[in-house]
Structure formats: C-alpha cells, structure tokens
Amino acid sequence: MCFSCPAFGPMACMMPSSPWLARRAFLLAAGAATPVLAQVDVGAASSLRKLVSAQALEQAAARQYQQMLSEAQARRVLVSRSHPSLQRLHAIARRLIVYAAPWNERARQWRWEVSLIDSAQINALCMPGGKIVFYTGILEQLGLSDDEVAMVMGHEMAHALREHARERLAKTQGTHLVLRLGAQLLGLGDLGQAAASLGGQLLTLQYSRSDEGEADLVGLELAARGGFEPAAAVSLWRKMGQATGRQSGGLAFLSTHPTGPARIRELTQNLPKVQGLYEAARRGKAPTG
C-alpha cells in the first residue's frame with residue numbers, strides 16, 4: 001500500500017486543523033536537521049551524509065524493495081493487502097507518517113509503503129525513501145501490542161529519516177573514493193554511483209551505537225505523537241532481550257539491533273519527555289488512524 005498523494009500522502013487529507021497541532025507543529029531551525037520543538041535531544045544529523053546523493057540512494061532502495069516484494073510473491077509469502085495483520089500495520093503507519101517530515105523534509109515527497117512478509121524471522125526495516133517491511137515473526141513470536149509495533153516502526157522510520165544509511169555509505173565508501181579520485185569534486189559522482197549500486201547491502205547495513213540511540217529516541221517521539229504509549233518502548237526491548245535466549249525463528253532484527261540494559265535505561269530516562277505528547281494525542285488532538 002502506498003501512502004502518497006499530492007501534498008503528503010493521505011495524511012494531508014486526514015490532518016485535523018486543531019489549534020494544538022498548529023502550536024505543536026514542528027519547526028525546522030535554519031540550516032539544522034533537528035526540529036526545534038522536538039522533545040528528545042538527538043542533535044543535528046551528520047553532515048557526512050551530504051557526500052552521497054539522497055536521490056540515488058532512495059532510488060536504489062526502491063529497486064531493492066520491489067525486488068524483495070517480487071521474490072516474496074514468487075515464494076507465496078507476500079501477505080495480501082486485505083490481511084488483518086497488514087491492515088493493522090497500515091493503521092499504525094498512518095498515525096506515524098504524519099509526523100515524519102519535520103525530521104526530514106524529503107519525507108514529504110517519499111512514496112511511503114508498508115508490506116508484510118510471512119516469515120518466522122524476527123525482523124522489520126524501513127529503507128531510505130519510506131519503504132517499510134515487517135516480517136510476521138516479529139509480530140507473532142514476540143506477541144507485540146499495537147504500542148510495541150509502533151515503537152518498532154517508529155525506530156525503523158527514524159533510521160530512514162535521520163539518513164543513517166546515507167551516512168554509513170559515506171563513511172565506508174567516502175575515504176577510499178576521495179583518495180582515489182583526488183580533485184574530482186571529492187568523488188561525489190562516484191559516491192552517487194556507489195549509492196545507486198547498493199542493492200542488497202541495504203538489508204544488512206550495520207548501524208552504529210549512536211545511530212541506534214538516535215533511532216530509539218526519534219521513534220519514541222514519533223510514536224508518542226501518534227498516540228502510542230511511550231512505556232511500550234521499554235516493554236518492547238525487554239521482549240527483544242528475552243528473544244535472544246530463545247531458539248525459535250531467525251533473530252535478524254536482533255543481530256543488527258542489539259538490546260541491553262543501557263538501551264532500556266536510555267529509553268526509560270526519555271519517557272517523561274514525550275509523555276505529554278502521548279497524553280495530548282490520546283485526548284484527541286492528533287490523528288487516530
């Protein structure tokens with residue numbers, strides 16, 4: 001399902017014109033990459049990402065996403081749009097996407113999509129450009145509530161919004177290309193080609209501890225603004241921690257998103273910062289999907 005329409009997907013048609021939303025709407029500080037009214041503190045996004053073409057990376061992600069869907073369909077594991085589990089994901093996504101653009105202006109033009117693959121893998125991801133994929137294993141094996149699903153989705157959306165893949169690519173490819181190409185505009189052209197040829201690397205990209213921390217907090221705020229219980233972030237990662245000790249299904253998500261006391265502690269410390277956003281949303285001041 002695609003969430004796009006001329007302005008900002010179906011969200012543009014569904015956003016209420018309440019004074020609260022007008023007052024609380026994010027504002028972007030001049031030249032900054034963090035909304036000035038954000039309740040969590042993650043600082044500005046890395047300037048290194050500018051070494052890689054965002055458009056090239058998003059196009060590469062769109063191709064990889066379509067390849068994933070084609071392969072899943074061929075294996076008969078692509079869940080149909082009418083399935084209740086996918087409808088559930090769509091409803092949650094609608095409540096989060098409306099708050100995406102303040103974290104990244106490019107998100108206004110993204111063609112957001114959400115798909116579900118029938119697999120025992122405990123996994124979910126959001127590619128650059130807003131392509132979200134969940135595996136049934138993460139929903140079923142962990143028994144996630146809607147609030148916990150929103151935390152997973154918000155976390156993955158945050159990776160895309162903060163352009164962590166773009167930054168990772170710049171760091172891993174940039175030094176080599178700059179040294180090799182010398183004066184050719186710092187190798188920007190070739191970096192763009194590297195982004196365009198990423199392919200499957202997007203599915204196995206390893207984010208840094210800092211990236212993971214940012215995604216946790218930005219996802220926490222997105223979910224709270226969408227009316228999802230902030231404390232679910234803590235219960236989610238406790239479930240993730242328990243899953244590492246079980247042998248059921250693949251742990252793809254946990255191989256790239258390690259859990260631990262430090263992660264839970266950081267989230268717990270930030271719960272009070274977004275509690276007011278959640279309470280305002282539950283009072284009917286934000287979209288309900």
Side-chain angles (χ1 to χ4, degrees), residues 1-5 9-11 14 58 60-98 100 107 110-161 165 199-205 215 219 222-223 226-228 232 235-237 239-240 243 246-257 287-289:
M1 178 178 181
C2 179
F3 291 86
S4 297
C5 78
M11 297 301 97
M14 296 168 59
E58 290 164 12
R63 289 193 295 272
Q64 181 63 34
Y65 176 73
Q66 289 304 321
Q67 182 180 336
M68 283 184 66
L69 298 193
S70 295
E71 292 175 355
Q73 191 164 32
R75 299 196 315 270
R76 300 178 183 271
V77 294
L78 184 63
V79 175
S80 70
R81 294 182 179 181
S82 61
H83 194 282
S85 293
L86 184 53
Q87 290 297 310
R88 176 192 183 198
L89 292 177
H90 286 165
I92 293 170
R94 282 194 291 269
R95 291 167 60 176
L96 302 187
I97 292 171
V98 69
W110 288 356
R111 292 181 61 81
W112 291 91
E113 297 185 47
V114 182
S115 295
L116 179 62
I117 293 176
D118 187 7
S119 168
Q121 279 195 42
I122 296 178
N123 204 7
L125 58 100
C126 179
M127 294 182 177
K131 309 304 185 188
I132 300 171
V133 180
F134 268 70
Y135 291 75
T136 55
I138 197 169
L139 303 176
E140 297 170 359
Q141 294 193 49
L142 299 188
L144 299 184
S145 67
D146 284 359
D147 295 306
E148 291 166 339
V149 172
M151 294 302 162
V152 174
M153 189 178 293
H155 175 99
E156 293 305 311
M157 287 172 58
H159 277 310
L161 294 170
Q201 293 181 45
L202 286 170
L203 304 182
T204 57
L205 200 61
L222 287 172
F228 294 99
S235 62
L236 165 69
W237 286 103
K239 286 184 177 181
M240 291 289 188
R246 299 200 300 264
Q247 299 300 316
S248 56
L251 298 178
F253 188 86
L254 293 169
S255 69
T256 54
H257 299 72
T288 57

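Quick note: numbers below take in every heavy atom, side chains included, and nothing from hydrogens, waters or symmetry partners.
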Verify, without hydrogens or angle tests, whether [X] (side chain) and [Y] (backbone) share a donor-acceptor contact under 3.5 angstrom.
| X | Y | result |
| --- | --- | --- |
| Gln141 | Ala120 | yes |
| His90 | Val114 | yes |
| Arg95 | Ala223 | no |
| Gln87 | Arg81 | yes |

Flag side-chain contact, heavy atom, 4.5 Å: Ile132 against Leu125: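 Ile132 does not reach Leu125 side chain to side chain.
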Within-4.5 Å side-chain heavy-atom neighbours: Leu236 and Asp147: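 Counting from C-beta outward, Leu236 and Asp147 never come under 4.5 Å.
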Would you name the heavy atoms of [X] and [Y] that are closest together and state the gap between them?
| X | Y | result |
| --- | --- | --- |
| Ser119 | Tyr135 | CB-CD2, 3.5 Å |
| Ala61 | Pro128 | CB-O, 3.2 Å |
| Ile117 | Met68 | CD1-CE, 4.0 Å |
| Lys239 | Gly143 | NZ-O, 2.9 Å |
| Ile138 | Ala124 | CD1-CB, 4.3 Å |
| Leu86 | Ser80 | CD2-O, 3.5 Å |

Qualifying residue for side chain to side chain contact (heavy atoms under 4.5 Å, CB included) with Lys131, from Gln66, Glu113, Gln64: Glu113
What is the distance from atom [atom1] of [X] to atom [atom2] of [Y], rounded to the nearest 0.5 Å?
| X | Y | atom1 | atom2 | answer |
| --- | --- | --- | --- | --- |
| Leu144 | Ile92 | CG | CD1 | 9.0 Å |
| Leu116 | Arg88 | CG | CZ | 10.0 Å |
| Leu89 | His83 | CG | NE2 | 10.5 Å |
| Met153 | Asp146 | CE | CG | 9.5 Å |
| Tyr65 | Arg111 | OH | CZ | 11.0 Å |
| Leu96 | Leu222 | CG | CG | 6.0 Å |

Criterion side-chain contact (heavy atoms from CB on, under 4.5 Å) on Gln73 and Leu69, from CA distance to verdict: CA-CA 6 Å; Gln73 191 164 32; Leu69 298 193; over 6 Å; no
Test log, rule side-chain contact (heavy atoms from CB on, under 4.5 Å), inputs Cys126 and Phe134: CA-CA 9 Å; Cys126 179; Phe134 268 70; over 6 Å; no
Residue pair Ile97, Met157: steps toward the side-chain contact (heavy atoms from CB on, under 4.5 Å) verdict: CA-CA 9 Å; Ile97 292 171; Met157 287 172 58; 4.2 Å; yes
Residues Val149, Phe228; criterion side-chain contact (heavy atoms from CB on, under 4.5 Å); working and verdict: CA-CA 9 Å; Val149 172; Phe228 294 99; over 6 Å; no
